[in-house]
Amino acid sequence: MPAETKLFLCLKDNYGVLLHDPESGATAAIDAPEAAPIEAALRSTGWPLSDILVTHHHADHTGGIAELKQKHRCRVVAPQGEAAKIPLVDETVREGDTVKVGTLTASVIETPGHTAGHIAYWFERDKLAFAGDTLFSVGCGRVIEGTPEMMWASLLKLRALPGDTQIYSGHEYTMANIKFAQTIDPDNTALEARAARAANQVASGVPTIPTSIDEEKVTNPFLRADVPEIAAAVGLAGKPPAQVFAEVRARKNRS
Ligand SMILES: [Zn+2]
């Protein structure tokens, strides 16, 4: 049976998401920004919390773990490289490991850059990926612990997933990301269409995620650092994509 998801806001602009396996009843929270909205989502769905899958150690992704674990005795899965910074970890995972949520199976993809040990969870059969703070809708995370080269390589790994993979990310930043993207890529008609759609979504109070790899490939300037038009737009025609990526990211930091 296909996986079910429940998406909701936490803290100021974080997303919480539950992933449910209808066959076994198992339910995972992807990250745990804060306990209360996750508890509310569990109540409204009637799903029991069996697992927390952590993408990285930042407090706005792990702040709810202790309270949830105390109440639900759920398993906490976390990236091997950051386990020491994450509370109450039961199982550590690294590149290529598989993680089961009931009968659902994820592959672990290491995506360093935002943090040094950041990981994403890819549920291939269900065409879902949870990208944490690596890939956002029309954006990407800040490069805090890694280098632009590392982050670019991580984004390429996600870009290589099947185009119809639905991408869940850690924050609702889409409108700000689109506004910035249009400064880099003003003639992109796919981006223009995306801007109109996202504005409607926000006006109707609905989330702008999940997005898809196919959609990001044509609209996200951070995934398009190897497209000649993007390199030219930042004055780096013919330069290596990682250098173009670094410049686009630097401009976003200043925007
Ligand atoms: Zn983060």
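Only heavy atoms go into these numbers, but all of them, side chains included; no hydrogens, no water, no symmetry mates. Both counts, for ligands and for their atoms, begin at 1 and track the order of listing.
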Carboxylate-amine/guanidinium proximity below 4.0 Å for E34 and K12: no
message: Tell me whether R251 is salt-bridged to E247, with the criterion being a basic N under 4.0 Å from an acidic carboxylate O.
response: yes
task: Taking side-chain contact (heavy atoms from CB on, under 4.5 Å) as the test, write out the residues that go with S107, two or more places apart.
output: W122
statement: For the Zn ion (ligand 1) the protein N, O or S atom count under 2.8 Å stands at 4
task: Could I get the full list of side chain to side chain donor-acceptor pair (under 3.5 Å) partners for R75, not counting sequence neighbours?
output: D51, E91
field: Contacts of type ring pair (Phe, Tyr, Trp, His ring centres under 6.0 Å), residue Y15, not counting sequence neighbours
entry: none
message: Quick one about T111 and H118 (side-chain donor to acceptor, distance below 3.5 Å, no hydrogens or angles considered), yes or no?
response: yes
